[in-house]
Amino acid sequence: MMKDDQQLSVLVIEDNPGDFMLIDDYLLEKFSAIKVIHQETFESAISELKSFENIDIILLDLILPDLKGEQLVEKVQEVSGNIPIIILTGYSDIELARKILSKGVSDFLIKDEISPEIIYKSIIYALERKSYIAKLNKNKKIYQDLFDFSPQPMWIFDPSTLRFLNVNKAAIDKYGYTLEEFKSMTIKDIRPKNHMEFLEKSLEERKRENRDSYAGVFYHTLKSGETICVEIYSNNIEYEGRTVRLILASDITEKQEYVSTVETQNKKLKEIAWTQSHVVRAPLARILSVIHVLEQDCVEPHDFPDLLEKIKMSGDELDKIIQNIVAETNTMMNLSNFEHGKNNNTGR
């Protein structure tokens with residue numbers, strides 16, 4: 001029969017020599033590269049755990065000369081950290097087994113029912129469970145770091161109560177509230193009072209349509225009283241055993257102001273275009289008309305002063321129109337340069 005060749009160090013905490021010999025035989029029958037460490041008391045087992053760093057699994061008798069039962073399990077767990085613990089006992093007490101398993105031990109085996117196959121499966125399952133939990137914790141930490149260190153404000157809230165459950169550092173910095181203050185608030189507390197109806201309508205629509213991702217553009221109020229415009233993205237996630245909502249908020253206040261500036265500039269450009277195509281044509285048409293008359297060689301000498309005056313008046317009018325166009329264009333350029341510089345400084 002093939003043996004498992006993975007290298008293991010097993011600490012067997014058992015005060016009965018006969019029971020230990022049987023367990024040792026079972027382990028050696030199933031594993032070819034196993035190291036079995038034996039201790040008979042709680043105190044000696046604790047010393048072993050503190051001095052030996054590479055113990056992979058613990059087989060623990062539930063009754064030892066110096067400690068027993070639930071207290072024994074708790075004390076061993078305090079020192080063993082995340083090392084899987086399998087309980088070995090001669091008592092088939094289901095209620096006791098349930099209590100012990102609820103403390104996080106990997107398995108609860110009755111000594112009279114143990115066989116090489118049973119103890120082998122229990123150890124393999126315990127090690128696999130430890131590996132799976134370690135991966136879950138690693139993934140949880142990755143996601144937690146993505147949440148905590150995101151440069152954009154993020155928070156989690158309960159859809160049923162609207163209470164904040166967690167917020168990241170960026171949200172704390174942006175909105176001005178502490179984590180404790182956030183957790184005592186609901187998402188209504190960061191909305192302008194005249195936007196409550198819009199918020200409730202939006203929440204109802206999202207609940208009815210079960211939409212995810214892009215939620216829309218909203219207005220939020222900071223602790224300082226300042227109102228900002230934000231673009232919201234949201235998704236349902238599982239958090240502490242329940243479905244909650246994860247929010248990412250991007251401040252687009254300056255972007256909205258920039259869009260408004262561009263719209264104002266476009267309006268001005270249309271006005272300038274209209275001026276060029278209509279207002280400028282009137283004095284220019286009068287000048288061209290006078291020139292046309294002069295070209296006819298039929299102008300009486302006494303008419304020259306009047307024609308020159310018309311040219312001068314039209315020229316002055318045209319000059320003022322051009323000056324106004326230049327002034328409006330310069331104003332637009334200065335405003336555009338200011339907004340561009342402000343956005344660049346924000347980007348840095």
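The shown structure was predicted, so the numbers you read here are calculated from the model rather than taken from an experiment.
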*Are any of the side-chain heavy atoms of T89 and I110 separated by less than 4.5 Å?*
yes
*State yes or no: do I37 and L22 share one hydrophobic cluster built from I, L, V, M, F, W and Y residues joined by side-chain heavy-atom distances below 4.5 Å, directly or via other members?*
no
*In sequence, state the C-alpha distance, the side-chain angles, and the governing distance for E70 and I100, and then conclude on side-chain contact (heavy atoms from CB on, under 4.5 Å).*
CA-CA 6 Å; E70 294 179 55; I100 297 298; 3.8 Å; yes
_Taking the side chain as everything from C-beta on, heavy atoms only, tell me whether S106 gets closer than 4.5 Å to I85._
no
*Check the hydrophobic clustering (I, L, V, M, F, W, Y; side-chain heavy atoms under 4.5 Å; chains of links allowed) and say if V76 and V36 are grouped together.*
no
_According to salt bridge (Lys or Arg N to Asp or Glu O under 4.0 Å), who are the partners of E231, at least two apart in sequence or on a separate chain?_
none
*Go through the steps to decide whether S44 and S47 satisfy the test side chain to side chain donor-acceptor pair (under 3.5 Å), and finish with yes or no.*
CA-CA 5 Å; S44 62; S47 298; over 6 Å; no
_Heavy-atom neighbours of Q7 CD exceed 12 at 6.0 Å_ = no
_Within this structure, what is the CG-NZ distance for the pair L8 and K30, rounded to the nearest 0.5 Å?_
14.0 Å
*Between D189 and Y177, which heavy-atom pair has the shortest distance, and what is it?*
O-OH, 4.3 Å
_Taking the side chain as everything from C-beta on, heavy atoms only, tell me whether P84 gets closer than 4.5 Å to R129._
no
*With under 30° as parallel and over 60° as perpendicular, where do the rings of H220 and W155 fit, or are they tilted in between?*
tilted
*Just checking, is any N or O donor in the side chain of N235 or R245 under 3.5 Å from an acceptor N or O on the other one?*
no
*Looking at S160 and D158, what are the two nearest heavy atoms and their distance?*
OG-OD1, 2.7 Å
*Begin from the C-alpha positions of E309 and K312 and carry the test salt bridge (Lys or Arg N to Asp or Glu O under 4.0 Å) through to its verdict.*
CA-CA 5 Å; E309 183 62 25; K312 183 177 181 302; 5.5 Å; no
*For the atom pair CG (L248) and OG (S234), what is the distance rounded to the nearest 0.5 Å?*
10.0 Å
_Quick check on Q71: does its CD atom have over 12 non-hydrogen neighbours (other residues, nucleotides or ligands) under 6.0 Å away?_
no
_Side chain proximity check, V244 to L165, heavy atoms < 4.5 angstrom_ = yes
*Do you see a donor-acceptor pair shorter than 3.5 Å between the side chains of N16 and E14?*
no
_I want to check something: taking the side chain as every heavy atom from C-beta on, are I83 and L49 in contact at a cut-off of under 4.5 Å?_
yes
*asked:* Taking side chain to side chain contact (heavy atoms under 4.5 Å, CB included) as the criterion, tell me which of I124, D107, L59 meets it with I119.
replied: L59
*CZ on F108 to NZ on K99, rounded to 0.5 Å*: 11.5 Å
*asked:* Are the side chains of L88 and I23 in contact, using a 4.5 Å heavy-atom criterion?
replied: yes
*Is there side-chain contact between I34 and D4, with at least one heavy-atom pair below 4.5 Å?*
no
*Search all heavy atoms of L72 against all heavy atoms of L62 and return the closest pair with its distance.*
CD2-O, 3.5 Å
*Can you establish whether the number of heavy atoms outside K223 located under 6.0 Å from its atom NZ is more than 12?*
yes
_Pair K183 + E180, salt bridge at N-O below 4.0 Å_ = no
*Do other residues, nucleotides or ligands put more than 12 heavy atoms under 6.0 Å from the CD atom of E197?*
no
_CA sep, side-chain torsions, deciding dist, call: R191, T186, side-chain contact (heavy atoms from CB on, under 4.5 Å)_ = CA-CA 10 Å; R191 303 295 180 115; T186 72; over 6 Å; no
_Heavy-atom pair with the smallest gap, counting every atom of L146 and M154_ = O-SD, 4.3 Å
*Applying the 4.5 Å side-chain criterion to the ILVMFWY set and letting contacts propagate, would V105 and L127 be lumped into a single cluster?*
no
*Report the distance from atom CG of L109 to atom NZ of K121, rounding to the nearest 0.5 Å.*
12.5 Å
_My understanding is that only one of Y26, Y125, F31 makes a side chain to side chain contact (heavy atoms under 4.5 Å, CB included) with Y120; could you say which?_
F31
*Does F147 offer a backbone N or O that forms a donor-acceptor pair with the side chain of S150 under 3.5 Å?*
no
*side-chain contact (heavy atoms from CB on, under 4.5 Å) between L64 and T41, intermediate numbers included*: CA-CA 6 Å; L64 297 176; T41 65; 5.7 Å; no
*With a 3.5 Å cut-off and no angle check, do the side chains of E226 and T221 form a donor-acceptor pair?*
no
*When hydrophobic residues are tied together by side-chain contacts of less than 4.5 Å, even through go-betweens, does I58 share a cluster with I123?*
no
*What closest approach, in Å, do T253 and C229 show between heavy atoms, and which atom pair accounts for it?*
OG1-N, 2.9 Å
*With side chains defined as the heavy atoms from C-beta onward, is the minimum distance between V167 and Y175 less than 4.5 Å?*
no
_Could you go through K68 and D61, starting from their C-alpha distance and side-chain angles, then the distance that decides it, and tell me whether this counts as salt bridge (Lys or Arg N to Asp or Glu O under 4.0 Å)?_
CA-CA 8 Å; K68 63 181 179 180; D61 184 8; over 6 Å; no
*Residue M21 excluded, over 12 heavy atoms near CE under 6.0 Å*: no
*When clusters are formed by joining ILVMFWY residues with side-chain heavy atoms under 4.5 Å apart, either directly or through shared neighbours, do V79 and L67 land in the same one?*
yes
*Got a sec: does the NZ of K103 have more than 12 other heavy atoms crowding it under 6.0 Å?*
yes
*Are the side chain of D66 and the backbone of F42 linked by a donor-acceptor contact shorter than 3.5 Å?*
yes
*Is the distance between the ring centroids of F157 and F164 under 6.0 Å?*
no
_Between CD1 on residue I86 and CD1 on residue I114, distance to nearest 0.5 Å_ = 9.0 Å
*Are any side-chain N or O atoms of K135 and backbone N or O atoms of K130, one a donor and one an acceptor, separated by less than 3.5 Å?*
no
*Is any side-chain N of the basic residue among K141 and D145 closer than 4.0 Å to the acidic one's carboxylate O?*
yes
_Where at least one partner belongs to residues 161-178, residue pairs that pass salt bridge (Lys or Arg N to Asp or Glu O under 4.0 Å), sequence neighbours excluded_ = K169-D173, K174-D251
*For the atom pair CE (M185) and CG (L162), what is the distance rounded to the nearest 0.5 Å?*
12.5 Å
*Report yes or no: does E48 contribute a side-chain atom to a donor-acceptor pair with the main-chain N or O of A45 at less than 3.5 Å?*
no
*How close do M196 and K188 get, heavy atom to heavy atom, and via which atoms?*
CE-O, 3.4 Å
